[in-house]
Amino acid sequence: MYIIAPSILSADFARLGEEVVNVVDSGADWIHFDVMDNHYVPNMTIGPVVCKAIRPLTQAPIDVHLMVKPVDRLIGEFAKAGANLITFHPEATEHIDRGLSLIRESGCQAGLVFNPATPLHYMDYVMDRLDLVLLMGVNPGFGGQKFIPSTLTKLHEARQRVDRHERETGRRIRVEIDGGVKIDNIAAIARAGADTFVAGSAIYEAGKDSDPHRYDAVIAALRAELARR
Ligand code: DX5
Ligand code: ZN
């Protein structure tokens, strides 16, 4: 039931294809794909062309996290490029409901992303269109930041909302956490209600001295922590 989604933001971009293949071979469930535009966040990363390039290399779902403004035009581009899940930030669009519908109509699963200070009420009237909610444990823009502890309380609240929705409708919504997830806090984060874990620096730093890069040990350690949560 737990999903581990390494963020390729911390991978070695000079050997990105190999990094994707190796991390999945090492036990990752999804590939987390961070899209930054130097407008919504103060950093710039990768777009649909790179998604399309890695798509043939793995069967693992590609979890596209859009940190861009405007949002809508890129949704179709990423669906065409092989994304399986697409999430965006409610502050980055005037049309949250339309964005979610566009994602689902393009055949992908849809989610909203909540920054540390973004209230959860953005999900209230669109629960039926959400496949996941993603809570940021850091302010978006960079890998390798420290987890903000108040996110635990917020995760608990998000978990209550999605559990209530599941009781009422039978439909499951995943609760994903992104930013600052490490071996030493993943169990507490799971106890607070997350079931899907993005980890960038924790995973890619751990393998960077092996050649070829392998991530079995760190992913096993994350799962061991989850098993004894
Ligand atoms: C932050 C990104 C995250 C980030 C996670 O803006 O959305 O996915 O890469 O990196 P770590 O796990 O290093 O905090
Ligand atoms: Zn992310």
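Counting convention: from 1, in listed order, for ligands and their atoms alike. All residue numbers in this chain count up from 1 along the given sequence.
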Could you tell me whether the side chain of Ser10 and the main chain of Ser201 form a donor-acceptor pair under 3.5 Å? yes
As an exercise, identify every atom of ligand 1 less than 4.0 angstrom from a heavy atom of His32. 8 (O)
So, of the N/O/S atoms that Asp178 has, which is the nearest one to the Zn ion (ligand 2)? OD2
My understanding is that we take every heavy atom of each candidate and find the minimum distance to atom 9 (O) of ligand 1. Doing that for Leu66, Ile8, Leu9, Asn43, which one comes out nearest? Leu9
the protein heavy atom lying closest to atom 6 (O) of ligand 1 turns out to be Gly141 N, 2.8 Å
Under a 4.0 angstrom heavy-atom cut-off, which atoms of ligand 1 come close to Gly179? 14 (O)
May I ask you to identify the nearest protein heavy atom to atom 3 (C) of ligand 1, giving residue, atom name and distance to one decimal place in Å? Asp178 OD1, 2.9 Å
Is it true that a side-chain atom of Thr45 and a backbone atom of Met36 form a donor plus acceptor pair closer than 3.5 Å? yes
Just jot down the ligand 1 atoms closer than 4.0 angstrom to any heavy atom of His65, in number order. 7 (O)
Heavy-atom pairs closer than 4.0 Å: do any link ligand 1 to the side chain of Pro140, the backbone, both, or neither? both
Tell me: protein heavy atom nearest atom 1 (C) of ligand 1, and distance? Phe142 O, 3.6 Å
Quick test: of every protein heavy atom, which one is nearest to atom 10 (O) of ligand 1, and how far off is it to 0.1 Å? Gly143 CA, 3.6 Å
Return the residue, atom name and 0.1 Å-rounded distance of the protein heavy atom closest to atom 12 (O) of ligand 1. Gly200 N, 2.8 Å
Can you name the N/O/S atom of Asp34 that is nearest the Zn ion (ligand 2)? OD1
Residue and atom name of the nearest protein heavy atom (relative to atom 14 (O) of ligand 1), distance in Å to one decimal: Gly180 N, 2.8 Å
